Amino acid sequence: MQTIFHGRHFINLEDFTKEEVDTMIEVSLDLKRKFAMGVDTPYLQNKTMFLMFFEQSTRTRNSMEAGIAQLGGHANYLDSSSMQVAHGETAKDTGVILSRFGHAIAARYCNWGVGNKYLNELAKWSTAPVMNLQCDLYHPFQALADLMTMKEKVGDLKRVKVSIIWAYAESHKKPISVPVSQILLFPRYGMDVVLAHPKGWELPDWVIDQAKVNATRYGGTVTITNNEAEAYAGADIVIPKNWGSWVNDQTGATLVGASKVVDDKLMAQKSWKCTEAKMATADKDVMYMHALPADRDNEVENSVIDGPHSIVYDEAENRIHTAKAVMTLLMGGR
Ligand code: CP
């Protein structure tokens, strides 16, 4: 177990050693157990954090707000459109001031080519920890909750086949940050990770290269394929989820909130949907995961997401336990 977290930023899980990630999971499990038993956990009394959102959220916002309240602290929810950032105030000025007012700043900013840079600029100037609530590149809170859920359900994850599968959706162009964080993290636990997507929905080469480095170091594998059937075949865990094509958006156009979501290139991939028939080719005890919100009927059949293989609600619940763990370690401690 590691203990040196106080004051650190939480932008990318790659900034933390595997032992440190293990500690985050141990603390999450401890907090989950205490929550179930009604044991108070006032580890962040009188601490304030600021939650800046440039985009919508259900799980992330509420896991942070409820989480810090349960730890005895307080969160200020900040809609970026009502902040001076909407008038061009810089990340430097925002970071300096908010960190003088409180004990942490967290932000969700998913615009392609902008969000991660903004978070790093905040972190450069903030004297308090900066936490990533999802940017264009990473969603560390989601990946941590996914890891916790898989460890709870399976135990030792070595050589467990987990398939991250692109899925068709029309709801909005989603960032690549969930699959990126997952493909970087899961090989660190010795998993056999398969990434499947149609041509045009690749993750950046540097992500795949780093995932393979992680696999080599920790004894897992990383396989990239355009063959959806290969990903489902014999899988222990499947994570079919949409992400936007940054390859088709080289102009730097935003991936979030874009007005035209469905185009011919996307429509041609409508068959990439998680169905009962595809699930039947996986391991008999296969688990279906999704970060949510899911685009039901497009990404997945209702009978799958509501069926016996789905663990999406346990996965979503773990967002609050992992959020509390990260806040406690970074804002509390020594
Ligand atoms: N999975 C996730 O981040 O959910 P929200 O967008 O609702 O926060």
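Atoms within a ligand are numbered from 1 in the order they appear, just like the ligands themselves. Note that the structure is predicted; figures quoted are calculated from it, not measured. Note: hydrogens, waters and symmetry copies are ignored here, and every other heavy atom, side chains too, is used.
Applying the salt bridge (charged side-chain N to carboxylate O under 4.0 Å, His left out) test to residues at least two apart or on different chains, none of the pairs has a partner in residues 232-243.
The pair K273-E299 does not count as a salt bridge, with every side-chain nitrogen at least 4.0 angstrom from each carboxylate oxygen.
Under a 4.5 Å side-chain heavy-atom cut-off, the cluster of Ile, Leu, Val, Met, Phe, Trp and Tyr residues that includes V194 has no other member.
Sorted by chain then number, the residues whose non-hydrogen atoms approach ligand 1 to under 4.0 Å are S57, T58, R59, T60, R108, H139, Q142, A291, L292, R319.
Classification of the W166-W201 ring pair by plane angle, with boundaries at 30° and 60°, yields tilted.
The side-chain hydrogen bond (donor to acceptor under 3.5 Å, both in side chains) with Y189 is formed by just one residue from the set D156, N214, D22; it is D22.
Remark: F10 engages F16, F141 in a ring-ring contact (aromatic ring centres under 6.0 Å, His included) (not counting sequence neighbours).
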